[in-house]
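Numbering starts at 1 and runs along the sequence shown. Values reported hereafter were calculated over all heavy atoms of this structure, with side chains retained and with hydrogens, waters and symmetry mates removed.
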Amino acid sequence: EKTETTKTTEAPILKAETGAEELKKEEQRLIMEIAKNPKNGELYEILGDLYVKMNTFSDAKESFEAAIELNPYNELLQKKRSQVLEKMII
């Protein structure tokens with residue numbers, strides 16, 4: 001069994017013109033990273049941002065809430081969560 005140690009948790013900056021297929025691949029990659037690093041709130045935030053791009057707001061809300069749980073004093077996360085909740089109401 002091989003373990004990967006060379007992978008970093010830094011996600012590339014997502015481009016606005018990224019196609020749906022790439023977004024799905026990025027989603028899968030982030031989910032794998034989170035499985036390896038479940039206490040990394042930044043990964044949940046990146047995943048939340050990705051879900052916002054994909055217009056899957058309930059998933060975005062869950063991701064931001066997981067990030068907030070790990071970083072309860074991060075005001076930006078609170079703001080992102082609020083923005084997602086507003087989009088869910090509309």
Side-chain angles (χ1 to χ4, degrees):
E1 194 179 344
K2 238 171 61 173
T3 54
E4 289 182 37
T5 51
T6 53
K7 264 199 167 178
T8 63
T9 57
E10 280 185 51
I13 292 156
L14 294 167
K15 295 180 203 82
E17 68 274 8
T18 306
E21 220 170 284
E22 274 96 58
L23 290 174
K24 269 287 182 210
K25 277 186 202 157
E26 183 66 4
E27 176 194 16
Q28 294 306 313
R29 193 188 69 74
L30 283 165
I31 289 168
M32 300 266 289
E33 284 296 321
I34 288 168
K36 290 186 228 164
N37 306 290
K39 299 270 183 250
N40 186 333
E42 199 179 319
L43 290 173
Y44 288 102
E45 181 181 1
I46 296 165
L47 185 60
D49 292 338
L50 181 71
Y51 284 136
V52 169
K53 280 200 169 113
M54 295 167 81
N55 290 322
T56 51
F57 300 121
S58 61
D59 289 334
K61 180 177 94 75
E62 283 181 31
S63 296
F64 290 137
E65 284 173 353
I68 289 165
E69 227 170 271
L70 295 165
N71 303 299
Y73 305 108
N74 185 322
E75 286 179 27
L76 179 62
L77 289 173
Q78 305 277 358
K79 190 177 175 191
K80 286 181 178 185
R81 183 181 168 273
S82 297
Q83 289 169 337
V84 166
L85 287 171
E86 283 171 28
K87 286 177 181 170
M88 289 171 78
I89 294 163
I90 298 165

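Residues Leu47 and Leu76 fall into different hydrophobic clusters, defined by Ile, Leu, Val, Met, Phe, Trp and Tyr side chains chained together at heavy-atom separations under 4.5 Å. Under a hydrophobic-cluster definition in which Ile, Leu, Val, Met, Phe, Trp and Tyr are linked whenever side-chain heavy atoms come within less than 4.5 Å, directly or via other members, Met32 and Leu43 are assigned to different clusters.
For residues 55-64, the pairs satisfying salt bridge (Lys or Arg N to Asp or Glu O under 4.0 Å) are Lys61-Glu65, with sequence neighbours left out.
We find the CZ-CD distance between Arg29 and Glu22 to be 13.0 Å, quoted to the nearest 0.5 Å. Distance check: Phe64 CZ to Asn74 CG gives 10.5 Å after rounding to the nearest 0.5 Å.
Taking the side chain as every heavy atom from C-beta outward, Gln28 and Lys25 never approach each other to under 4.5 Å.
Across Tyr44 and Ala66, no two heavy atoms sit closer than the pair CD2-CB, 3.4 Å. Contact record, Leu23 with Met54: CD1-CG, 3.8 Å, taken as the closest heavy-atom pair. The two atoms that bring Asn40 and Leu70 nearest to each other are C-CD1, 4.1 Å, heavy atoms only. The two residues Arg81 and Ile68 make their nearest non-hydrogen contact at CD-CD1, 3.6 Å. Closest of all the heavy-atom pairs between Val52 and Lys87 is CG1-NZ, 3.9 Å. Listed here is the closest heavy atom pair of Ala60 and Val84: CB-CG2, 4.0 Å.
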Using the rule given for salt bridge (Lys or Arg N to Asp or Glu O under 4.0 Å), can you reason through Glu27 versus Lys24, listing the C-alpha separation, both sets of side-chain angles and the distance that settles it, and then say yes or no? CA-CA 5 Å; Glu27 176 194 16; Lys24 269 287 182 210; 3.0 Å; yes

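Qualifying salt bridge (charged side-chain N to carboxylate O under 4.0 Å, His left out) partners for Lys80, counting only residues two or more places apart in sequence or in other chains: Glu45, Asp49.
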